[in-house]
Number of protein chains: 2
Amino acid sequence: MGDVSTGSLAAFLEVARLGSFTSAAQTLGYTQSAISRQISALEGAMGGGPLFDRLPRGVRLTEAGRALMPYAEAAVERVDAARHELNALRELTGGRLRVGAFPTAGAELLPCAVTLFRSRYPEVKLRTEENLTRVQLARLDTDELDLAVVSDTAGDPLDSYELHHLVDESMYVALPDEHPLARRRQVRLVELADDDWISGSPQPERSLLHAAIGETFRPRVVHVVAEWIAKQGYVAAGLGVALIPALAADCVRPDVRLVAVHEDDVPARAVYAATPQGRSPSPAVEAFLGTLRAAIDGMAAQSRLSGKSAK
Amino acid sequence: MGDVSTGSLAAFLEVARLGSFTSAAQTLGYTQSAISRQISALEGAMGGGPLFDRLPRGVRLTEAGRALMPYAEAAVERVDAARHELNALRELTGGRLRVGAFPTAGAELLPCAVTLFRSRYPEVKLRTEENLTRVQLARLDTDELDLAVVSDTAGDPLDSYELHHLVDESMYVALPDEHPLARRRQVRLVELADDDWISGSPQPERSLLHAAIGETFRPRVVHVVAEWIAKQGYVAAGLGVALIPALAADCVRPDVRLVAVHEDDVPARAVYAATPQGRSPSPAVEAFLGTLRAAIDGMAAQSRLSGKSAK
DNA sequence: ACCAGGTATGCGAGTTGTGCATGCTACCCA
DNA sequence: TGGGTAGCATGCACAACTCGCATACCTGGT
């Protein structure tokens, strides 16, 4: 039993609508003979029975033809709908994008990128979620996330993902306004070896500080605070100092001072957009990468972000 | 934008299921190269974007491919379902048949045919309705009926329908048991010119009697009774005589006698199965014609039906 | 460095689809 | 009653497509 193409089905429907091979041929841009043969082929593919009664003036559906009609309509409609859907995915006038980001990215980078993306592609349904990097990678694997904004801080195995480098963010220390070093443009960490530290983890190895630990410096973590807004509070109260990445540097309360850390003490932290490996990124993912870059450029122009948004 | 065939869609689905062109080619009985080209063509027909990521070991769906999947499944399923449906119509393992019949046919002919049809083709949904011939023709026109069992008694315009001759039924007079002619094998109508007549219409022209009216005979209609069971009652009570067609002759009460009418007085009435003109009859209609003929043969073997079930 | 498993592609042959011209049938109208 | 006409079917030649074969190419594992 032969093959059926949308062409034959469309011809069938047009003939059924117009009641004539000849006029259907005209509206479809074929000759009458082509239509005649297409219908004949379709009749063959459908088991052999005639779909039309050939009358002296045109044709009319047989019982079988009438029965076929809804199926043919549905099949053609599905293929058309598929074309539209794929087109929407390609033209970014539809579809869905699920983005994850680590917490600090939520301060400025992600809101900025989301706003930009929404204004450019309002019909793409964009969802974001904040996760630890480790969780995000898992969700990329299980196809619950299309793109994840991650940093390589925690030493998670990023190498089995497609990485799109976004920016290298330098580090700052947050100092209370009255701290002796609060007016400096740059500090070395050894200068803060005797201060109390505020960190996201009791073991500094598992926090932002991990890259700073060396022979000459091991911070004394006195307060364990995860939220950046709370860290600010502790710092402002003079309870200690904290390391914070450039991405979070723009939303700082006026009684907290940020001072750059020397690059040799804490290397700039790379921020990537990660996507599943070996999978060609969808247009929506590509577009979001673009808006992420645009967001970083925009932020670099007006902020302390180091601006090394190379690529 | 090109054409899409069920073949390409089936190939697409099989590749998606197995994750490899090669293995899909094996299960479908094609070569790997054919599958590769079919997918390539499908990608073209769907707008150009890739549907699969080509990995070193096999392929995996892209976002677009994942989006296409449900549409492809639906389209293929619809075409398959259509094939099954049409096959059911052809093999009489499905579908529907709407039959109409004039009242007298409901006495024996239709029940017999319906029983036969149901036992042979139990999966065809058979509906019957009793109508005047005039109504039935209208319902054939409006496609509310597939086949109508009619007689040409009433002079309705049968000529614009496809007529399948079933039988010529001769006519009988129903006489009360004590009627002087009740033991005859045949009568002439003039012999009954002085009797009271029972008919379905006050004007004998519009009833079974219309063919009997001539120079020498005009019946005096005294009782107007439509239902055959009631006519029997009137006749049995000695209130008159009635003309009845052979099709109804088998269900007569014992105190009513039937006597054949001479053929010259009332010509045998032709009974047809009528179908819409110019329309090739569906297999179900053909089959019902067959069972009608079988029913008539069966009845002729054991009844007064004249048996001229010619063709 | 080679092999294994997979996809892409050039090539030739067979098949299918298309258009043109023509044949055929039934209706319409004079 | 006989041409005219509208419409489908079909023979034919040609173009386009599809398929299989052989082979090139890529990548990961040994």
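In what follows, every chain begins at residue 1, and chains take the letters A, B, ... in the order their sequences are listed.
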### Task
Please assess A:Glu85 against B:Met46 for the test side chain to side chain contact (heavy atoms under 4.5 Å, CB included), listing each intermediate value before the final yes or no.
CA-CA 10 Å; A:Glu85 167 100 20; B:Met46 280 305 172; over 6 Å; no
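- B:Ser40 comes within 4.0 angstrom of nothing in the nucleic acid, heavy atoms only.
- Residues that satisfy the side chain to side chain donor-acceptor pair (under 3.5 Å) test with B:Arg78, not counting sequence neighbours, are absent from this structure.
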### Task
Assess whether side chain to side chain contact (heavy atoms under 4.5 Å, CB included) is satisfied between A:Val15 and A:Leu51, documenting all intermediate values.
CA-CA 11 Å; A:Val15 169; A:Leu51 298 172; over 6 Å; no
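- The interatomic distance linking A:Ile35 (CD1) with C:dT18 (P) rounds to 8 Å, in whole Å.
- Taking B:Asp3 as the reference, A:Ser5, A:Thr6 meet the side chain to side chain donor-acceptor pair (under 3.5 Å) condition, with sequence neighbours excluded.
- For the pair A:Glu43 (side chain) and A:Pro50 (backbone), a donor-acceptor distance under 3.5 Å is absent.
- Separating the CD atom of B:Gln277 from the C1' atom of C:dA26 is a distance of 12 Å, rounded to the nearest angstrom.
- Taking the 5' to 3' direction, DNA chain D first and last meets chain A under 4.0 angstrom from a heavy atom at D:dA6 to D:dC12.
- Regarding contacts with the backbone of C:dT18, a side-chain N or O of A:Gln38 is found under 4.0 angstrom from either OP1 or OP2.
- A donor-acceptor pair under 3.5 Å links the side-chain atoms of B:Arg54 to the main chain of B:Phe52, judged by distance alone.
- The pair A:Asp143-A:Arg98 counts as a salt bridge, with a side-chain nitrogen and a carboxylate oxygen less than 4.0 angstrom apart.
- Checked against side chain to side chain donor-acceptor pair (under 3.5 Å), A:Ser282 has no partners two or more places apart in sequence or in another chain.
- Between B:Phe21 atom CZ and C:dT9 atom P there is a gap of 11 Å when expressed in whole angstrom units.
- Proximity of residues 41-67 of chain A to DNA chain C (heavy atom under 4.0 angstrom from any strand atom) is restricted to A:Pro56.
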### Query
Are B:Phe102 and B:Val271 close enough, and set up right, to give a side chain to side chain contact (heavy atoms under 4.5 Å, CB included), and what steps lead you there?
CA-CA 10 Å; B:Phe102 61 93; B:Val271 176; 4.0 Å; yes
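- Within a heavy-atom distance below 4.0 Å of DNA chain C, the residues of residues 22-34 of chain B found are B:Thr22, B:Gln32, B:Ser33.
- No option in A:Leu163, A:Leu289, A:Leu145, A:Val285 other than A:Val285 meets the side chain to side chain contact (heavy atoms under 4.5 Å, CB included) test with A:Thr275.
- When the shell of 6.0 Å around OH of B:Tyr30 is examined, it contains 12 or fewer heavy atoms from other residues, nucleotides or ligands.
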